[in-house]
Amino acid sequence: MSTATEEKESLNFIQMKIEQDIANKVNGGKVQTRFPPEPNGYLHIGHAKSVVLNFGIAQQYQGDCNLRFDDTNPVTEKTMFVDAIKRDIQWLGFQWSGDVKYTSDYFDQLYAFAVKLIEAGLAYVDDQDADTIAKQKGTPTEKGKNSPFRDRTIEENLQLFGEMKDGKHPNGSKVLRAKIDMGSSNMHLRDPYLYRIITDVPHHRTGTKWNIYPTYDFAHGQSDSIEEVTHSLCTLEFAAHRDLYDWLINNLGIFPSKQTEFARLNLSYTVTSKRKLKQLVEDNIVDGWDDPRMPTISALRRRGYTPASIRNFADKVGVAKRDNLIDVALLEHSIREDLNKTTARVMAVLKPLKVVITNYPEDKTETLVLENSPEDATLGVRDVPFSREIYIEQTDFMEDAPKKFFRLAPDREVRLKGAYIIKCEEVIKDEAGNVVELRCTYDPTTKSGEDTSGKKVKGVLHWVSAKHAIDAEVRLYDRLFNVEEPSLQAKKEEKDFKDFINPASLEVLSDCKLEPSLQTAKIGERFQFQRLGYFCVDTRYTTEDKLVFNRTVSLKDSWAKKNNNNQPKQNKPNPNKQKKRKDKGKKGQGNREHQNNNPQAQNPPKS
């Protein structure tokens, strides 16, 4: 039994801070968080961590979490992104408090805050261009220089700011800056921008009402304060902005929201920069924001990931104060762990090789009853037809097989899963010498569950009855990049990050054969294709006439072995480690699917 001390030790630093605030009755012990995405792209796996943290904290401490869109840049924002973000949050299993909020809801109030700073002599209008201002800011080791417009009178600043608002000045001609300290060691306090002019693009909500828009730094803290956010949780790159966050709130004399930073989620073999993700989409390297190779939530959903797997992944990653690289194997492990418990097992042959069982009656069809899941008896059983002609995987046959190849080979026996033991008697080839058909015999005394033969074979193969098989397209997705940190690698080698795209990240198989139970598979439904991996029905390309499956993840992580990678030790799971069944002595399927038993492995498991 865990003690109160152990429970306290298991808290992360944010939870510890919140519990201290509650104990000290800071803000009356209230907990109010918010998730403030910019509507300029789709949420990705990094955002998922923030969603789980912000909404989870609110749930844990009986507080509220707002969804507020930081819509302060009309140039990049679109309603389609707003809709996608709301859909992703709800799909992850969370619901925001009250109505959806927007920074644009507060434009009038933010404008009034800016006027208040001008009236206090703490803000001024600068006529210089961006390059000049940047040069004047100096460097971390060299103090900045004051703008020649820094000492404008309050009256002149108020007049010019009003003219900016009324659209009397063109884009880029003027900005409003805070008057803080050009010699500060914190570069963000060297008279930062508060407002800039944008007149040529209408806002997705306010249209052409506004000609000036607040910067993120000005809008962020003040919007938090307006909503009385008690704990403003941000990723580490905003740590240097905290002094400005506090300066603005203190000088405006408004509700004292407090910012706390945590490490962002950096995932191996992908990128999470919105700018780079946008390049992948616009350059047609991927098939849209929901391409299953992308790290976006919509892409993970289409690939077959579950909300629970992503939430569990975020919990496993945890909340840290220092950035690190999370092995994508941990994400893959999380979905395997979830789907292992919840999906039905079915049989599908992706690269079919025809097998004719010559001593099986031509006109006979046998109905076999197979369990849908060894993990969940409530998933029941299904009928699977067996006939004289079947399909197996091409990789499950080898003509000149080594001794330790336990699949099918000339004059060798294997068990067909849930059916009989067969023996390869003859190999049929085409003119080019390719194997196109196998002639086999079966032993009728070896039927699974009724075996009286006493035979022991080491190979178990999945199969599909040829005359009952349904056709499908299967898309095998793999990691989008072939290096662990594409952005860092590109910088080291002075290349474009897109130079490290994995050319084998997608393989489309168009002649796959599936067992007939999958004829009624619904869009988005998930299955385990036995010995192959976890798959789901594609939501975009599946039609009434065409069934398309996406591979969510293989049964085991073969990437590291295949590519001889040395992954970071932290946060690296053992993706192949499975829970042992309690009923070890029980005959049947067991958890055999999760052993090294796929057509690409050297040996299937013993029967």
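Numbers for residues simply follow the sequence, beginning at 1. Below, each value reflects all heavy atoms present in this structure, side chains not excepted, and no hydrogens, waters or symmetry copies.
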**OP:** Please round to the nearest 0.5 Å and tell me the distance separating atom CD1 of Ile285 and atom CE of Met294.
**Re:**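 Spacing of CD1 (Ile285) from CE (Met294) equals 10.0 Å.
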Subject >> Asn312 side, atom CG; Leu331 side, atom CG - distance, nearest 0.5 Å >> reply: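 Going from the CG atom of Asn312 to the CG atom of Leu331 covers 11.0 Å.
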Original post:
Does a donor on one side chain sit under 3.5 Å from an acceptor on the other, for Asp200 and Asn171?
Top reply: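 A pair is found: one side chain offers a donor N or O, the other an acceptor, under 3.5 Å apart.
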Original post:
Is there a salt bridge (Lys or Arg N to Asp or Glu O under 4.0 Å) between Arg190 and Asp181 once you walk through the steps?
Top reply: CA-CA 5 Å; Arg190 295 186 184 182; Asp181 181 6; over 6 Å; no
Original post:
Got a salt bridge between Glu473 and Arg475, using NZ or NE/NH1/NH2 to carboxylate O under 4.0 Å?
Top reply: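 Here Glu473 pairs with Arg475 in a salt bridge, since their nearest N and O are under 4.0 Å apart.
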Subject >> Check: Phe69 and Pro36 side chains under 4.5 Å, non-hydrogen atoms >> reply: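 Of all side-chain heavy-atom pairs linking Phe69 with Pro36, none is under 4.5 Å.
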Subject >> Short N-O contact, Asp83 and Arg87, less than 4.0 angstrom >> reply: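 Between Arg87 and Asp83 there is no salt bridge, as every charged N stays at least 4.0 Å from the carboxylate O atoms.
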Original post:
With under 30° as parallel and over 60° as perpendicular, where do the rings of Phe81 and Tyr42 fit, or are they tilted in between?
Top reply: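 Perpendicular, since the angle between the ring planes exceeds 60°.
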Subject >> Minimum side-chain heavy-atom gap Asn40-Asp71 below 4.5 Å >> reply: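 Not in contact.
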Original post:
Side chains of Ser147 and Gln128: donor-acceptor distance under 3.5 Å anywhere?
Top reply: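 A pair is found: one side chain offers a donor N or O, the other an acceptor, under 3.5 Å apart.
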Original post:
Quick one: are Arg152 and Asp127 in side-chain contact, heavy atoms under 4.5 Å?
Top reply: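 SC-SC contact between Arg152 and Asp127 confirmed.
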**OP:** Take Arg551 and Glu507 through the test salt bridge (Lys or Arg N to Asp or Glu O under 4.0 Å) and record every step on the way to the result.
**Re:** CA-CA 10 Å; Arg551 182 172 67 186; Glu507 181 181 5; over 6 Å; no
**OP:** State the NZ-CG distance between Lys137 and Leu189, to the nearest 0.5 angstrom.
**Re:**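 Reported value, rounded in 0.5 Å steps: 9.5 Å.
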**OP:** Would you check if the distance from the ring center of Phe262 to the ring center of Phe13 is below 6.0 Å?
**Re:**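 No, the ring of Phe262 stays outside the 6.0 Å limit from the ring of Phe13, centre to centre.
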**OP:** Report the C-alpha separation of Ser173 and Ile197 in whole Å, then their side-chain angles, then the decisive distance to 0.1 Å, and conclude whether the side chain to side chain contact (heavy atoms under 4.5 Å, CB included) test is met.
**Re:** CA-CA 8 Å; Ser173 62; Ile197 300 172; 3.7 Å; yes
Original post:
How about Phe535 and Phe549: are their ring centres within less than 6.0 Å of each other?
Top reply: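 Judged by ring-centre distance (under 6.0 Å), Phe535 and Phe549 do not meet the cut-off.
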Subject >> Asp287/Arg540 salt bridge by N-O under 4.0 Å criterion >> reply: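 Judged by the 4.0 Å cut-off on N to carboxylate O distance, Arg540 and Asp287 do form a salt bridge.
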Subject >> Partners passing side chain to side chain contact (heavy atoms under 4.5 Å, CB included) against Asp323 (at least two apart in sequence or in another chain) >> reply: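 So Asp323 forms a side chain to side chain contact (heavy atoms under 4.5 Å, CB included) with Leu236, Ala263, Arg264, Asn266.
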Original post:
Centres of the Phe500 and Tyr269 rings: under 6.0 Å?
Top reply: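 Not under 6.0 Å, so no.
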**OP:** Could you pull out all residues at least two apart from Thr215 that satisfy side chain to side chain contact (heavy atoms under 4.5 Å, CB included)?
**Re:**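 Thr215 satisfies side chain to side chain contact (heavy atoms under 4.5 Å, CB included) with Tyr193, Arg196, Asp217, Phe218 only.
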**OP:** Begin with the C-alpha distance, continue with both residues' side-chain angles, and end with the deciding distance and a verdict on salt bridge (Lys or Arg N to Asp or Glu O under 4.0 Å) for Glu227 and Arg68.
**Re:** CA-CA 10 Å; Glu227 295 174 9; Arg68 180 179 73 238; 3.0 Å; yes
Subject >> Pairwise side-chain contact, Cys65 with Ile57, heavy-atom cut-off 4.5 Å (strictly under) >> reply: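 Result no, sub-4.5 Å side-chain heavy-atom pair not found.
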**OP:** Give every residue pair that meets the ring pair (Phe, Tyr, Trp, His ring centres under 6.0 Å) criterion with at least one member in residues 118-160, sequence neighbours excluded.
**Re:**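 Passing the test, one end in residues 118-160: no pairs.
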Original post:
Does a donor on one side chain sit under 3.5 Å from an acceptor on the other, for Gln159 and Glu155?
Top reply: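 No.
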**OP:** Determine, for Asp126 against Lys174, whether the closest basic-nitrogen to carboxylate-oxygen distance falls under 4.0 angstrom.
**Re:**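 Result for this pair is no, no salt bridge flagged.
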Subject >> Pair Arg301 + Asp290, salt bridge at N-O below 4.0 Å >> reply: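 No.
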Original post:
Are Tyr61 and Glu19 linked by a side-chain donor-acceptor pair shorter than 3.5 Å?
Top reply: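 There is such a pair between these side chains.
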Subject >> Ion pair check, Glu485 and Lys491, cut-off under 4.0 Å >> reply: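 Answer for the salt bridge query: no.
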Subject >> Euclidean distance, Ser223 OG relative to Leu110 CG, rounded to 0.5 Å >> reply: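 Rounded to the nearest 0.5 Å, the CG-OG separation comes out at 5.0 Å.
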Result block: side-chain N/O donor-acceptor pairs under 3.5 angstrom for residues 22-34, not counting sequence neighbours:
unit_1 : atom_1 : unit_2 : atom_2 : d
Asn24  : ND2    : Gln20  : O      : 3.1
Gln32  : NE2    : Asp64  : O      : 3.2
Gln32  : NE2    : Asn66  : OD1    : 3.3
Thr33  : OG1    : Asn54  : O      : 2.9
Arg34  : NE     : Asp224 : OD1    : 3.1
Arg34  : NE     : Ser232 : OG     : 3.3
Arg34  : NH1    : Leu233 : O      : 3.3
Arg34  : NH2    : His220 : NE2    : 3.0
Arg34  : NH2    : Ser232 : OG     : 3.1

Original post:
Out of curiosity, Leu194 CG to Tyr111 OH, how far, rounded to the nearest 0.5 Å?
Top reply: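 It comes to 13.0 Å.
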**OP:** Taking all heavy atoms of Ile249 and all of Ser257, pick out the closest pair and write down the distance.
**Re:**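 Taking Ile249 first and Ser257 second, the nearest heavy atoms are CD1-O, 3.7 Å.
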**OP:** For Leu476 and Leu506, run side chain to side chain contact (heavy atoms under 4.5 Å, CB included): C-alpha distance rounded to whole Å, both residues' side-chain angles, the deciding distance at 0.1 Å, then the answer.
**Re:** CA-CA 6 Å; Leu476 303 180; Leu506 171 60; 6.0 Å; no
Original post:
Going by heavy atoms in the side chains, are Leu43 and Phe35 under 4.5 Å from each other?
Top reply: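 In short, these two side chains touch, coming nearer than 4.5 Å.
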Original post:
Minimum heavy-atom separation for Ile335 to Glu332, with atom names?
Top reply: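 The answer is CG2-O, 3.1 Å.
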**OP:** State, without any angle test, whether His188 and Asp243 hold a side-chain donor-acceptor pair at a distance under 3.5 Å.
**Re:**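 On atom types as modelled, these side chains do not qualify, holding no pair under 3.5 Å.
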**OP:** Please state whether the rings of Trp210 and Phe107 are parallel, tilted or perpendicular, taking 30° and 60° as the class boundaries.
**Re:**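 Perpendicular: the ring planes of Trp210 and Phe107 meet at over 60°.
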Subject >> Exercise: identify the closest heavy-atom pair between Arg526 and Gly304 >> reply: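 In terms of heavy atoms, the two residues are closest at NE-O, 2.7 Å.
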Original post:
Are the side chain of Asn550 and the backbone of Thr552 linked by a donor-acceptor contact shorter than 3.5 Å?
Top reply: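 Pair absent, no side-chain N/O of Asn550 close to backbone of Thr552.
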Original post:
Mind checking what makes side chain to side chain contact (heavy atoms under 4.5 Å, CB included) contact with Gln62, not counting sequence neighbours?
Top reply: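 Side chain to side chain contact (heavy atoms under 4.5 Å, CB included) check on Gln62 returns nothing, list empty.
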Subject >> Trace of the side chain to side chain contact (heavy atoms under 4.5 Å, CB included) decision for Phe313 with Leu300 >> reply: CA-CA 13 Å; Phe313 168 68; Leu300 291 170; over 6 Å; no
**OP:** Scan side-chain atoms only and decide if Tyr216 and Glu38 contain a donor-acceptor pair under the 3.5 Å cut-off.
**Re:**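 No pair is found: no donor N or O on one side chain lies under 3.5 Å from an acceptor on the other.
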**OP:** Would you please test Asp291 and Thr296 for side chain to side chain contact (heavy atoms under 4.5 Å, CB included) and show each step?
**Re:** CA-CA 9 Å; Asp291 184 305; Thr296 59; over 6 Å; no
Subject >> With Lys135 via side chain to side chain contact (heavy atoms under 4.5 Å, CB included) - residues at least two apart >> reply: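 Listed in chain order: nothing, the list is empty.
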**OP:** Look at the aromatic rings of Phe481 and Phe497 and report parallel, tilted or perpendicular, splitting at 30° and 60°.
**Re:**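 Geometry flag for Phe497 against Phe481: tilted rings.
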Subject >> Partner of Ser104 under side-chain contact (heavy atoms from CB on, under 4.5 Å), chosen from Glu77, Arg205, Lys209 >> reply: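 For Ser104, the side-chain contact (heavy atoms from CB on, under 4.5 Å) test succeeds with only one of Glu77, Arg205, Lys209, which is Arg205.
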Original post:
Hey, what do you get for CD (Gln95) to NZ (Lys86), rounding to the nearest 0.5 Å?
Top reply: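 Atom-to-atom, Gln95:CD and Lys86:NZ are 10.0 Å apart.
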**OP:** Would you mind reporting whether Trp91 and Thr306 have side-chain heavy atoms less than 4.5 Å apart?
**Re:**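 With C-beta onward as the side chain, the pair stays apart.
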